[in-house]
Amino acid sequence: MPAHTLPDPQAFPKEFLFGAATSAYQIEGAVHADGRGLSMWDSFAHNSGRIADGSTGDVACDHYHRMESDVALIQSLGHTAYRFSVAWPRVLPTGRGTVNTPGLDFYDRLVDQLLARGITPYATLYHWDLPLALHAQGGWLRRDTCHAFAEFAEVVARRLGDRVHSYATLNEPRCSATVGYQEGRHAPGLQDRGMALQAAHHLMLAHGLAVPALRAHTRTAQVGVVLDVKPYYAADTRTETTHAVQMADGVFNRWFLDPIFHGHYPQDVWQAHGDLVPVVHADDLQTICQPLDALGINYYTRGHVVHDGALPFPHAREVPVDGATYTTMGWEVFPEGLRQMLVRIHREYAPANLYVAENGAALDDHVHAGRVHDPVRVRYLQEHLEACAQALAQGVPLQAWLGWSLMDNYEWGKGYTQRFGLCHVDYATQTRTPKDSALWLREFITRHRAI
Ligand code: FCB
C-alpha cells in the first residue's frame, strides 16, 4: 500500500464531534421486552428465508439490557457524540395510538446516560423498523403511514425534546425503498420498481410531515434527515456509459436530494421512469422541501460502472477497480468520494450543516489475546477523516463524523456475517472488545480535545 497522509486533529474545529452510530434493530435485541410491538424486520428476519445466515435480531447485541455499560463503553472510547435510532414499535407497538411508556422510557434513560457522560445525542426516528401492524395495512405504499410517522415523531420529540442535539427523521430513504421494495433483499422483500418509487415518495412525504412535528416540541435541537450517498464514475469512455453514470447518480443521489432541498424531482430520471413514476399530490413537494438544520450523509463506497443494457434501469454494472482494497461487503475503499460528495452537496444543495452519519468498513476481524488487529479499518478511518479535513478546508460546514458502527451487529440481510464495529462483539458471551481502530480513534479524538 502506498503511504497516505494522516489526518491532523487541528484541521477539525474545536466544536467538531467524533463518535459512532448504531440502529435499534441491529443492536437492541429484547424484541418482546416491555411491551414492544413487532416490526416488519422481525417478520422478514424470521420468515423470508433471505438472511444470509438465517439469523434474526431477536438478541443481537442485547443492548436493550446492556445500555448503561454500552454508554460507559462509548465514553471509554473518548467519543463526544453517539447516533442511535428509536424503535417505533417500542414506542407505539401497533404504529399509532397508545404510547408504550416503558419503550419510550428506555430512550429517555439512554439520552440521560449519554448527557451525563458528556456524549452528544443524535437520534434517528426511522431506521427501517416499520411497525408490523402498519406494514400489514400497506406500509410505505400507503399514504396514511406518512401521517402515522409524523405522530410518532411528535411523541418522541415531546419526551426527548432539546436533550437530543440532532434529530434525523429517516435513515436512508433510498435504501428503505430500493432495497426493500425493488431488490427485495430487505424488508418487506418486494420486487417492484413502481412500488419502490411510491414508497420513496411516501418516505420523503413522511419526512416533510415530521419536520414541523419535531420543531413544535424543540427549540434548539437540529432537525434534518440522513441520506446515503454514492458518487458514480465511468469505467469506460462509451457514451452509453456516460449516460448510465448520470442515471445511476440520479436514481441514487438526486432522486432524494432534489425533492428534499429543491422541491422537485430530477427531470431526466423522472422521464426515464416513464409510467412508473409515483402518485404525487399537489402540495407534496412543498411539504417534502422543508428548511433543515442539518443533513447527515452515510458514505461507504463509490460506484465504478459501465453501461450494461441487459441490466434493469439505470443499466449500470459495477466493475472492479484494479489494485483497489475491498471490504467483506465487496465495497471498494474510496475515501476521495467522501470529499467529493461533501463538496458537491455543499455547493449544489447548501444544507446549513452537514455531518457524516455513517462511514465504515466490514472486515474479517478476530480476537487474539484480547486484541483485534484491523489495520485495514485503521487506514480506512485515517483516510476518510483526512477526506473530511479536506472538505472542511474547502468550506464545507461539517460538524461531526460518526463511524459505522459502535460495535459489530446485525447487518440486515447479511445477518451476523459482517463485522463493521469499532468494537468486536462475541455473540456467545456478549463481550465487547475495542479493535485497534477504536484505540487509534480514541487517540485521535484525545489529541483533538487537547487543542
Ligand atoms: C447502511 C445502514 C446501516 C448499516 C450500514 C452498513 O446502509 O444505514 O444500518 O447496515 O449500511
Side-chain angles (χ1 to χ4, degrees), residues 19-29 39-41 44-45 50-53 55-57 60-61 63 82-88 122-130 168-183 185-187 196 200 203 207 224-231 251-253 256 295-303 326-334 337-338 341 355-365 374 376-377 380-381 384 401-423 425 437:
T22 61
S23 90
Y25 189 65
Q26 293 179 276
I27 65 165
E28 286 178 0
S39 83
M40 68 175 176
W41 260 99
F44 187 77
R50 291 190 211 163
I51 310 299
D53 55 4
S55 64
T56 71
C61 306
H63 169 73
Y82 174 62
R83 173 176 175 238
F84 61 94
S85 82
V86 178
W88 188 347
Y122 280 65
T124 302
L125 294 174
Y126 184 68
H127 204 125
W128 309 352
D129 42 4
L130 183 70
T169 52
L170 310 174
N171 177 69
E172 302 191 352
R174 183 215 66 90
C175 198
S176 297
T178 311
V179 185
Y181 289 80
Q182 180 173 341
E183 298 173 6
R185 292 184 289 113
H186 285 178
L203 280 154
H207 156 79
V225 64
V226 170
L227 301 178
D228 48 336
V229 298
K230 182 174 176 180
V251 165
F252 203 106
N253 301 310
F256 298 89
L295 169 67
I297 66 162
N298 293 349
Y299 178 84
Y300 289 94
T301 188
R302 68 161 161 176
Y326 286 86
T327 69
T328 53
M329 292 292 280
W331 295 348
E332 183 198 352
V333 177
F334 190 69
L338 174 56
M341 282 317 283
Y355 60 99
V356 174
E358 290 179 25
N359 179 220
L363 299 165
D364 188 17
D365 301 315
D374 59 343
V376 175
R377 187 177 292 102
Y380 185 101
L381 299 188
H384 286 80
W401 177 91
L402 299 155
W404 185 267
S405 178
L406 171 64
M407 55 189 157
D408 297 337
N409 57 46
Y410 185 69
E411 180 44 37
W412 309 112
K414 305 258 183 199
Y416 296 100
T417 67
Q418 301 295 315
R419 294 189 175 273
F420 272 99
L422 292 168
C423 298
V425 175
S437 53

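Atoms within each ligand, like the ligands themselves, are counted from 1 in listed order.
For ligand 1, the 4.0 Å heavy-atom shell contains residues Gln26, His127, Trp128, Asn171, Glu172, Asn298, Tyr300, Glu358, Trp404, Glu411, Trp412, Phe420.
Under the rule for a salt bridge (charged side-chain N to carboxylate O under 4.0 Å, His left out), Glu411 has no partner lying at least two apart in sequence or in another chain. Lys230 meets the salt bridge (charged side-chain N to carboxylate O under 4.0 Å, His left out) test with Glu318; sequence neighbours excluded. Qualifying salt bridge (charged side-chain N to carboxylate O under 4.0 Å, His left out) partners for Asp374, counting only residues two or more places apart in sequence or in other chains: Arg377.
Residues His384 and Asn359 share a closest heavy-atom pair of CB-OD1, 3.2 Å.
A cation-pi arrangement is absent between Arg50 and Phe44, since the terminal nitrogen or guanidinium carbon is not both under 6.0 Å from the aromatic centre and inside a 45° cone about the axis.
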Q: Verify side chain to side chain donor-acceptor pair (under 3.5 Å) between Asn298 and Asn171, making sure each step is shown before the conclusion.
A: CA-CA 9 Å; Asn298 293 349; Asn171 177 69; 3.1 Å; yes

